[in-house]
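First comes the structure, then the notes that go with it.
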Amino acid sequence: MQDINNRTDLENLVNAFYENVHKDPLLTKIFEMPEDEWNKHLIRAVNFWENWLFKTGSYNGGMMWTHAEAHQKHGLTTERFEHWLSHWFSTVDMLFTGENATFVKNKSLEIGQILNAKFNLSPST
Ligand code: HEM
């Protein structure tokens, strides 16, 4: 098994991940959207990881806001974060191994913990 080496690898990873997410009853509805929006989302998600791994500058930020909006609309509960992360970890492990594969797992956990703390653990203001 190889490491994540380029954008094509990331596209394969993100696609495989969402195949699993779509089958998860706790998450599937959240990601239902028109096809053109969905395709844009896939590009942004791949840009995001490409920017972390290969410093391409292809992601222009705003993920906090994106998730705050998703939280308001759907409720991003701790349980949902746990499911999301477990799909991400298992999809990465199924397809890749190495430094970059480890990085994307650690980074998603870090971000997931920050988002979850913001939405579910802080006292509401
Ligand atoms: C409960 C768990 C999560 C749910 C339900 C969720 C849901 C969503 C939704 C609904 C969007 C917006 C899709 C769109 O309209 O384009 C999104 C975007 C995104 N999510 Fe999550 N998310 C979760 C956790 C995470 C975590 C832990 C990461 C960590 C890396 C992450 C990374 C991203 C990225 C990179 C985008 C694209 C942001 C952008 O458009 O700029 N998500 N997510």
Side-chain angles (χ1 to χ4, degrees):
M1 216 164 21
Q2 294 222 330
D3 203 357
I4 303 166
N5 289 318
N6 50 47
R7 185 175 176 92
T8 308
D9 288 345
L10 283 172
E11 283 167 355
N12 291 336
L13 171 60
V14 168
N15 282 325
F17 166 68
Y18 279 124
E19 254 178 57
N20 295 327
V21 164
H22 281 303
K23 285 186 213 138
D24 184 332
L26 201 65
L27 298 174
T28 184
K29 275 234 168 311
I30 302 176
F31 293 97
E32 270 171 17
M33 57 186 85
E35 201 180 334
D36 56 331
E37 262 179 55
W38 181 246
N39 290 333
K40 282 188 205 152
H41 169 63
L42 289 180
I43 292 169
R44 283 197 300 273
V46 171
N47 287 349
F48 173 84
W49 289 114
E50 188 187 39
N51 193 42
W52 272 115
L53 288 180
F54 310 120
K55 308 282 182 275
T56 48
S58 48
Y59 183 69
N60 56 12
M63 85 166 305
M64 269 294 166
W65 172 245
T66 308
H67 289 88
E69 215 173 40
H71 178 54
Q72 278 208 332
K73 209 161 146 194
H74 304 284
L76 304 192
T77 57
T78 301
E79 200 186 4
R80 282 181 157 148
F81 276 107
E82 284 167 358
H83 278 232
W84 192 106
L85 288 166
S86 100
H87 292 302
W88 183 247
F89 273 56
S90 62
T91 316
V92 173
D93 287 340
M94 211 167 60
L95 297 173
F96 299 102
T97 184
E99 217 176 289
N100 289 342
T102 302
F103 180 89
V104 299
K105 288 188 284 180
N106 290 343
K107 188 52 72 182
S108 68
L109 182 59
E110 192 184 308
I111 293 172
Q113 281 169 341
I114 292 169
L115 292 172
N116 186 49
K118 203 169 161 58
F119 301 148
N120 297 303
L121 304 176
S122 344
S124 50
T125 48

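In listed order, ligands and their atoms are each counted from 1. Heavy-atom basis, side chains included; hydrogens, waters and symmetry copies ignored.
- Using the six-membered ring where Trp is involved, W52 and F48 have ring planes that are perpendicular, over 60° apart on the 30 and 60° scheme.
- No option in N12, I4, N5 other than N12 meets the side chain to side chain contact (heavy atoms under 4.5 Å, CB included) test with T8.
- Residues M33 and L42 fall within the same hydrophobic cluster, defined by Ile, Leu, Val, Met, Phe, Trp and Tyr side chains chained together at heavy-atom separations under 4.5 Å.
- Between H41 and W38, the ring-plane angle classifies as tilted under the 30° and 60° cut-offs.
- With salt bridges taken as basic N to acidic carboxylate O contacts below 4.0 Å, none links K40 and E37.
- In this structure K105 satisfies the side chain to side chain donor-acceptor pair (under 3.5 Å) test together with D93, sequence neighbours excluded.
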For ligand 1, output the ligand-protein N/O contacts shorter than 3.5 angstrom; if there are none, return none.
unit_1, atom_1, unit_2, atom_2, d
ligand 1, 16 (O), H41, ND1, 3.2
ligand 1, 16 (O), R44, NH2, 2.6
ligand 1, 20 (N), H67, NE2, 2.8
ligand 1, 22 (N), H67, NE2, 3.0
ligand 1, 40 (O), R44, NE, 2.5
ligand 1, 41 (O), Y59, OH, 2.6
ligand 1, 42 (N), H67, NE2, 2.9
ligand 1, 43 (N), H67, NE2, 2.9

